[in-house]
Amino acid sequence: LSYTYQKSIPKMTFSAYLRFVWFRFCRIYPAYLVALLCAMTIVMVAVLFKLSWNPAMHVPKQLFYEAFMVQQWHFQHTPYIHCWNYPDWSVSCEWFAYLFIFPLTYALLKRLNQICLVGTLLILCLTIYSLPTIPDHSYGLWGLFQVTLDFLAGALLYKLVTLTPSMKVGIQNLVAAVTVIVFLLLLHSNLIYGVERLTLLVSIVVFLFLLKYEGGILPRILSVGIVVYLGEISYSIYLIHGVDIRILKVLFPVERYAHCSMVTRLVIFILFLGTIIGSASLLYHLIEAPARNYLRRKFPSREKISDITYI
């Protein structure tokens, strides 16, 4: 977001802000709504055919908040899994950040020009995110707080990228290799809070930082066609995977295949993965991309903010 809009919005006028919000709404809401409707359909089918379902996870009052993407905007002691489509908790937080946090990060980046200060603030955000005093992000306003930290860290990382000089390709690849090794070593550790989680977050930040250098190995790997395409449909993957998993768990119960051979379990895994990617691809090509492009043209403005459609 910072990369796209810091350059294309010379000044944050009210008109530019409204256009930004409208573009973000066009980007996230159509696919969000369709995925939510799919989750509702699953529940209605379960009720109609008297199949097993959990009423505690599908509260009608929660559906009202979820439809407007505000389910995380108040103190509640209901975990995110109680959302009708459980990935929606983060979209609610993201919508909050678009409305209220992005204008602050835009103004902040216009005033920060010292590498040491930007780096210090970035590490501070990651440290706070790793503190054991921060409750689970799935509860109430803590989700908003943690996504706010995400937005601040992302904006500061972008600023750090613009301020740092170039780096030799050999050094880039060495740092990339060390970063990947650290990431893999920590991936299966206890990463709930503390130093290990902070180290993992720093390794992710370094990984993203290295993407600025086009000659390095990481940008070359991530520019492969299939990787680019998965990036394009990643939002649809995130939205629809919960719906797919609920259906697939009914059709292929885990306990039925838990003691099967490795080959059988691998086939089931490939089936799950293929179903999620396939349904996400349909959601992207039939809903997300067409609706986004159509709705964006409906905003009357003389200002041209961005031609980037995947952000």
Side-chain angles (χ1 to χ4, degrees), residues 31-59 62-63 66 71 78-92 136-139 143 180-193 196-197 200 203-204 207 221-222 224-288:
Y32 173 94
L33 181 60
V34 170
L36 179 59
L37 291 174
C38 290
M40 294 169 58
T41 302
I42 291 176
V43 175
M44 289 188 288
V45 169
V47 172
L48 183 62
F49 291 95
K50 297 181 180 179
L51 302 175
S52 176
W53 68 289
N54 187 355
M57 294 177 61
H58 303 93
V59 182
Q62 182 71 13
L63 182 61
E66 200 166 342
Q71 64 268 30
T78 303
Y80 68 86
I81 200 169
H82 285 204
C83 292
W84 285 64
N85 186 27
Y86 59 79
D88 287 354
W89 75 268
S90 66
V91 182
S92 175
D136 189 274
H137 59 250
S138 62
Y139 290 87
V180 171
I181 292 172
V182 171
F183 178 83
L184 293 176
L185 289 175
L186 291 173
L187 198 56
H188 298 291
S189 302
N190 180 15
L191 298 173
I192 298 178
Y193 302 109
E196 287 185 340
R197 182 174 183 178
L200 179 68
S203 69
I204 294 173
F207 181 92
I221 292 175
L222 295 181
V224 175
I226 184 62
V227 178
V228 173
Y229 180 71
L230 290 175
E232 291 176 6
I233 67 171
S234 59
Y235 178 61
S236 290
I237 291 175
Y238 179 71
L239 287 176
I240 206 66
H241 84 274
V243 175
D244 289 336
I245 288 175
R246 287 182 178 179
I247 296 174
L248 290 168
K249 280 186 175 181
V250 174
L251 298 177
F252 304 94
V254 175
E255 57 274 9
R256 181 186 301 172
Y257 300 95
H259 302 289
C260 293
S261 66
M262 179 63 70
V263 174
T264 302
R265 285 181 287 169
L266 180 60
V267 170
I268 297 297
F269 172 77
I270 294 173
L271 177 64
F272 271 56
L273 187 62
T275 301
I276 292 172
I277 294 177
S279 59
S281 183
L282 288 175
L283 180 60
Y284 175 80
H285 290 290
L286 297 179
I287 303 298
E288 182 186 340

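Throughout, residue positions are numbered sequentially from 1 according to the sequence presented.
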S.K.: Are the side chain of E66 and the backbone N or O of W84 linked by a donor-acceptor pair below 3.5 Å?
M.R.: yes
S.K.: List for me each residue that meets side-chain contact (heavy atoms from CB on, under 4.5 Å) alongside I237, sequence neighbours excluded, and say none if there are none.
M.R.: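 Testing I237 for side-chain contact (heavy atoms from CB on, under 4.5 Å), a comparison that skips the adjacent residues, returns L230, I233, I276, A280.
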S.K.: Check side-chain hydrogen bond (donor to acceptor under 3.5 Å, both in side chains) between S234 and all other residues, then give those that pass, not counting sequence neighbours.
M.R.: none
S.K.: What pairs with Y238 under ring pair (Phe, Tyr, Trp, His ring centres under 6.0 Å), at least two apart in sequence or on another chain?
M.R.: H241
S.K.: Please identify each residue that fulfils side-chain contact (heavy atoms from CB on, under 4.5 Å) with F252, with sequence neighbours left out.
M.R.: L248, Y257, I268, L271, F272
S.K.: Just how far is it from atom CG of L286 to atom OG of S236, taken to the nearest 0.5 Å?
M.R.: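 Result: 10.0 Å between the selected atoms.
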S.K.: Report the residue from L283, I42, L36, L37 that forms a side chain to side chain contact (heavy atoms under 4.5 Å, CB included) with V243.
M.R.: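 Only match with V243 under side chain to side chain contact (heavy atoms under 4.5 Å, CB included): I42.
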S.K.: What's the separation between atom CE in M40 and atom CG in L63, rounded to the nearest 0.5 Å?
M.R.: 5.0 Å
S.K.: What residues, two or more places apart in sequence or in another chain, satisfy side-chain hydrogen bond (donor to acceptor under 3.5 Å, both in side chains) together with T275?
M.R.: none
S.K.: Which residues pass the side-chain contact (heavy atoms from CB on, under 4.5 Å) test with V227, sequence neighbours left out?
M.R.: L222, V224
S.K.: Roughly how far, to the nearest 0.5 Å, is the OG atom of S281 from the CD1 atom of I240?
M.R.: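 With rounding to 0.5 Å, CD1 (I240) is 12.0 Å from OG (S281).
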S.K.: State which residues pass side-chain contact (heavy atoms from CB on, under 4.5 Å) with V45; sequence neighbours excluded, sorted by chain then number.
M.R.: T41, F49
S.K.: For the OH atom of Y235 and the OH atom of Y32, what is their distance to the nearest 0.5 Å?
M.R.: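 Going from OH on Y235 over to OH on Y32, the span is 8.0 Å.
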S.K.: Y229: what forms a ring pair (Phe, Tyr, Trp, His ring centres under 6.0 Å) with it, not counting sequence neighbours?
M.R.: H285
S.K.: Quick check for you: to the nearest 0.5 Å, what is the distance between L251 atom CG and R256 atom CZ?
M.R.: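 L251 atom CG to R256 atom CZ measures 9.0 Å (nearest 0.5 Å).
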